[in-house]
Amino acid sequence: MSGALAIAVIECHFVLDRESRSRETVPLTQLPLSRRHPAEPAPDSPSPRPGGIAARALAGAAPAAPETPYLSGLNPEQRAAVETLEGPLLVLAGAGTGKTRVLTTRIAHILATGRAYPSQILAVTFTNKAAREMKDRIGTMVGDLVEGMPWLGTFHAIGVRILRRHHELVGLKSGFTILDTDDQIRLLKQLLTAENIDDKRWPARLLAATIDGWKNRGLSPKDVPAGEGAVFANGKGGTLYAAYQARLKALNAVDFGDLLLEGIRLFRENPDVLAEYHRKFKYLLVDEYQDTNVAQYLWLRLLAQGSKNVCCVGDDDQSIYGWRGAEVDNILRFESDFPGAAVIRLERNYRSTGHILAAASHLIAHNEGRLGKTLFSEGDDGERVTVTGAWDSGEEARAIGDEIEALQRAGHPLSQIAILVRASFQMREFEDRFVTLGLPYRVIGGPRFYERAEIRDALAYLRCVNSGSDDLAFERIVNVPKRGIGDATLKQIHDVARAARVPLQDAVRVLTESEELKPKVRSTLRGLLDMFARWREQSRVLSHTELAEIVLDESGYTEMWQKDRSAEAAGRLENLKELVRSMEPFENLGGFLEHISLVMDVDNGAGEDAVQVMTLHSAKGLEFDTVFLPGWEEGLFPHQRALDDQGKAGLEEERRLAYVGITRARASARIYFASNRRIHGLWNSTLPSRFLDELPDSHVKVEESRGGMGWGGSGYGGSSYGESRFDRAGGSFGSSSYSTPGWQRAQSQREGGFNAGAGNVGAGRGGARGAHGSTHGSTHGSPPLIEGTLVASSTGAPSTFSRGERVFHVKFGYGEITGIDGNKLTVQFDKAGEKRVLETFIEKA
DNA sequence: GAGGTGGCGACCGAG
DNA sequence: TCGCCACCTC
């Protein structure tokens with residue numbers, strides 16, 4: 001791209017939902033209401049007089065069944081949660097206790113008993129994935145009826161839906177655009193430049209995060225406490241926030257935060273509008289309530305004041321969005337926020353085996369300030385949670401790849417296998433490996449399809465066609481491919497647009513009719529406008545996919561990449577094709593653009609039998625037979641940033657994330673850690689995660705990685721420990737490649753046997769050895785930890801080092817020991833600062 | 001205005 | 001190590 005500020009946003013147009021519209025016009029008196037008082041015991045027979053919808057719902061479930069089939073499989077608590085329909089209800093549901101089932105069954109129950117139309121139920125989730133999942137599951141119970149639920153979606157999707165209907169009341173024009181994070185930052189950068197603020201010292205990214213934080217707390221510019229507004233850029237924070245909001249209005253745009261914040265404002269300033277929604281929403285349901293932030297809470301509370309039939313489902317142990325402003329307090333305060341609320345606890349776990357459940361419960365017990373739940377399961381103990389150490393991230397990926405292949409051979413469906421990573425950069429290694437193995441996989445989340453440059457460019461073209469006033473889109477593509485329109489010309493266009501208060505495209509028209517531009521530039525711009533006009537004309541007769549192909553072709557955009565000699569050009573062309581393909585299911589261009597502004601991932605390959613790769617965050621609410629949990633290392637998991645920014649609270653949130661990860665598994669949870677990982681391109685030696693120490697020994701099995709180089713492996717379920725690379729290391733690795741002091745120390749220790757020496761078992765060649773060692777070493781030493789032995793790291797044996805001692809580390813140089821924790825030393829290095837390192841990598845200086 | 005290069009920060013997580 | 005951005009030259 002040129003230096004021109006190219007800002008892209010996603011243009012959306014309101015698409016009338018014909019179905020929901022027509023439903024809403026049904027007079028209330030005709031509703032098939034067969035109301036029952038909540039106190040009344042629910043009859044086991046189906047709703048006595050099911051109306052049309054109810055009948056269809058039941059038919060969709062099981063036509064011939066005399067009983068309400070969807071209720072019969074529920075335990076008493078679940079059933080109570082489904083049938084307590086009137087008044088506020090909080091369902092405290094531990095992992096795997098059938099939370100989603102309760103939510104979906106509750107919705108089916110409301111529909112089946114004819115208490116509300118599908119369009120009168122508001123059901124909110126946090127992630128698109130969760131929304132899709134819920135929709136699918138409701139669909140299996142009530143059939144097509146779920147298609148009539150326009151108000152099932154993420155907070156943001158529903159927020160935008162409401163704003164689109166009442167845009168004029170919050171000062172927006174129809175077809176307003178939604179900025180994503182990228183757009184936001186570009187816009188803020190413009191503002192910072194205009195204000196002469198050094199964006200090195202005060203990065204736009206930081207300002208974006210600050211503003212986002214305010215929005216998460218429901219604060220508009222005027223509400224920001226003076227002291228806080230002053231934090232950014234020497235007191236300009238508040239002013240910049242206000243300026244940013246003004247700029248958004250001028251561009252007819254909102255950011256993600258506004259989708260809720262403006263909604264709150266809309267409701268507060270327009271009681272009649274709020275009243276309309278009160279009448280509309282007979283039942284409100286909220287998934288993952290523990291993750292709501294203040295803005296979401298306020299928004300929800302306003303809406304819930306109507307029917308008061310609000311059902312929130314959550315688990316304080318799974319609160320993992322503190323960084324986004326989530327207030328676990330919301331769930332703790334529910335009963336006072338919603339007077340008369342009923343609380344139902346679900347503690348019976350149906351998902352995981354005993355070992356998995358025990359391991360997860362034990363881990364989460366290390367957190368303070370929990371509501372406290374005791375999950376129990378009636379199933380088998382199953383297999384233990386395994387912990388496997390690998391030499392580096394490559395070996396980790398190989399080992400997991402091998403295990404998955406073995407599972408595949410044994411007949412396990414790949415779609416029931418998931419790899420849950422802490423950070424998305426971990427995914428690449430697995431992708432590489434799976435490509436090599438030819439193993440089908442599906443990345444969920446990750447580097448987002450719609451954030452790729454070529455996709456954003458293509459979308460910008462489509463947005464320009466769709467709307468003549470989308471300045472951000474126009475700016476993005478005016479010189480892509482290169483047309484000789486640079487900063488200077490763009491500034492001219494901007495000046496005209498600002499003076500005449502018209503969109504950029506109109507300004508261009510004015511300019512091309514004057515003599516102000518050089519002839520060449522003028523004809524280029526005129527040609528561009530002519531193209532837009534022609535495409536708009538064609539859009540009336542062509543399908544939107546055909547139009548997209550023509551636009552990409554005639555604009556020269558496809559050609560630009562065809563001519564490109566770089567390695568990734570082919571991939572980009574492929575992505576463009578994929579983009580056109582992904583438009584197919586949509587009715588028209590507007591509908592498509594609306595969709596992608598909120599759903600930044602493509603749900604391609606759904607249903608295909610493939611390994612699921614995703615972050616722990618996006619795995620919440622899902623479950624799989626086998627779950628691989630790689631990267632359990634200090635700094636990565638728990639993530640260093642979480643510890644730095646949030647301290648103990650951050651650690652506890654990380655621990656909850658670990659809990660979420662383990663509890664995704666039904667039958668098998670397999671944790672991995674690598675002793676070496678590349679961070680920012682540099683290889684770092686890492687320590688096994690402290691969470692491994694917190695797993696109960698009796699429910700965990702420690703294994704040696706079998707994915708080592710040169711070792712073929714005997715396949716899953718093979719004889720106990722195969723020969724590992726470590727066992728052969730003396731030959732090929734010991735002397736040449738790995739001759740660091742730490743390595744040699746590890747070697748000598750290995751030769752000394754597991755129980756020899758000062759008990760420094762879990763050290764050296766990192767974790768694999770440590771992990772292996774500790775199974776054997778569990779008889780000696782008794783670290784002050786729960787259930788005896790440590791799984792993977794320190795041994796509790798006295799350190800041979802002492803505080804204040806001068807030491808040397810091959811990577812960090814000289815330093816002084818400031819702390820000792822088992823075999824982990826805290827060292828203040830002269831040059832590298834304070835680090836925690838394994839004792840084995842340290843030499844006395 | 002286009003294209004090349006060197007320096008620097010990033011890799012936490014959702015919509 | 002990679003990708004972005006600022007800066008430089010033509």
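Proteins get letters first, then strands, A, B, ... in listed order; numbering begins at 1 in each. Below, all heavy atoms of this structure are taken into account, side chains as well, without hydrogens, waters or symmetry copies. From a predicted model like this one, the values you see are computed outputs, not experimental measurements.
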Participant: Under the ring-ring contact (aromatic ring centres under 6.0 Å, His included) test, which residues partner A/Y241, sequence neighbours left out?
Facilitator: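 With sequence neighbours excluded, A/Y241 shows a ring-ring contact (aromatic ring centres under 6.0 Å, His included) to A/W214, given in chain and number order.
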Participant: Name the orientation class of the two ring planes belonging to A/W561 and A/Y557 (parallel below 30°, tilted from 30 to 60°, perpendicular beyond 60°).
Facilitator: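 Aromatic pair A/W561/A/Y557 classed perpendicular.
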Participant: The side chain of A/R678 lies closest to which of these nucleotides: B/dA2, C/dC5, C/dT1?
Facilitator: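 Closest of the options to the side chain of A/R678: C/dT1.
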Participant: In terms of ring plane angle, is the pair A/H617 and A/W323 parallel, tilted or perpendicular, where the classes change at 30° and 60°?
Facilitator: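 Judged by the thresholds at 30° and 60°, the geometry between A/H617 and A/W323 is perpendicular.
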Participant: Find the distance A/N293:CG to B/dG15:P and express it as a whole number of Å.
Facilitator: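 In whole Å, B/dG15 P and A/N293 CG are 14 Å from each other.
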Participant: When you measure from the side chain of A/A423, which nucleotide among B/dG15, B/dG13, B/dA2 comes out closest?
Facilitator: B/dG13
Participant: 5'-most contact on DNA chain B: A/A157 or A/R205, nearest heavy atom basis?
Facilitator: A/R205
Participant: Mind calculating the distance between CD (A/E429) and P (C/dC2) to the nearest angstrom?
Facilitator: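 Checked: the CD to P distance equals 13 Å.
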Participant: Does OP1 or OP2 of B/dG13 have a side-chain N or O of A/S424 closer than 4.0 Å?
Facilitator: yes
Participant: Choose from B/dG1, B/dC12, C/dC5 the nucleotide whose nearest atom is closest to any side-chain atom of A/R422.
Facilitator: B/dC12
Participant: Does B/dG1 have its OP1 or OP2 closer than 4.0 Å to a side-chain nitrogen or oxygen of A/T489?
Facilitator: yes
Participant: Could you check how far NZ of A/K620 sits from C1' of B/dG15, rounded to whole Å?
Facilitator: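 About 14 Å, once rounded to whole Å.
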Participant: Can you tell me how far C1' of C/dC4 sits from CZ of A/R186, to the nearest Å?
Facilitator: 10 Å
Participant: Remember a base hit wins even if backbone is also touched, and classify A/Y321 as base, sugar-phosphate or nothing at under 4.0 Å, heavy atoms.
Facilitator: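 Sugar-phosphate, backbone atoms only, no base.
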Participant: Respond yes when some side-chain nitrogen or oxygen of A/H639 is under 4.0 Å from OP1 or OP2 of B/dC12, and no when none is.
Facilitator: yes
Participant: Check the distance between C/dC4's P and A/I185's CD1 and give it to me in whole angstrom.
Facilitator: 13 Å
Participant: Looking at A/F176 versus A/H167, is the centre-to-centre ring distance below 6.0 Å?
Facilitator: no
Participant: Regarding A/E559 and A/K563, does a basic nitrogen lie under 4.0 Å from an acidic carboxylate oxygen?
Facilitator: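 Yes, this pair counts.
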Participant: To the nearest angstrom, how far is A/F256 atom CZ from B/dG13 atom P?
Facilitator: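 For the pair A/F256 CZ and B/dG13 P, the rounded distance is 16 Å.
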Participant: Looking at B/dG15, does its base get a donor-acceptor pair with the side chain of A/T181 below 3.5 Å?
Facilitator: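 Indeed there is one.
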Participant: Kindly write out the residues that satisfy ring-ring contact (aromatic ring centres under 6.0 Å, His included) with A/F637, not counting sequence neighbours, or none if the list is empty.
Facilitator: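 A/W632, A/F691.
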Participant: Would you classify A/A488 as touching base, sugar-phosphate or nothing, given that sugar-phosphate means primed atoms plus P, OP1 and OP2, and contacts are heavy atoms under 4.0 Å?
Facilitator: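 Sugar-phosphate contact only - A/A488 comes under 4.0 Å of backbone atoms but never of a base.
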Participant: State which of B/dG13, B/dC11, B/dA14 makes the closest approach to the side chain of A/T127.
Facilitator: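 Shortest atom-to-atom distance from the side chain points to B/dA14.
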Participant: In this structure, how many angstroms lie between the P atom of B/dA14 and the CG atom of A/L260, rounded?
Facilitator: 17 Å
Participant: Let me know the distance between CG of A/D487 and P of B/dA2, rounded to the nearest Å.
Facilitator: 9 Å
Participant: Is A/W323 stacked on the base of B/dG13, meaning ring centres closer than 5.5 Å and planes within 30 degrees of each other?
Facilitator: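 Yes, the aromatic ring of A/W323 stacks with the base.
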Participant: Does A/V521 or A/E653 map to a spot on DNA chain B nearer the 5' end, using the closest nucleotide for each?
Facilitator: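 The answer here is A/V521.
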Participant: For B/dA2, take OP1 and OP2 only and decide whether either is under 4.0 Å from a side-chain N or O of A/N479.
Facilitator: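 Indeed, a polar side-chain atom of A/N479 lies that close.
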Participant: OP1 or OP2 of B/dC12 sitting under 4.0 Å from any side-chain N/O of A/R641?
Facilitator: yes
Participant: Should A/H680 be counted as stacked on B/dG9, where stacking needs a ring-centre gap under 5.5 Å and an angle between planes under 30 degrees?
Facilitator: no
Participant: For a quick check of understanding: with a heavy-atom distance under 4.0 Å over all strands, which category does A/D645 fall into, base, sugar-phosphate or nothing?
Facilitator: base
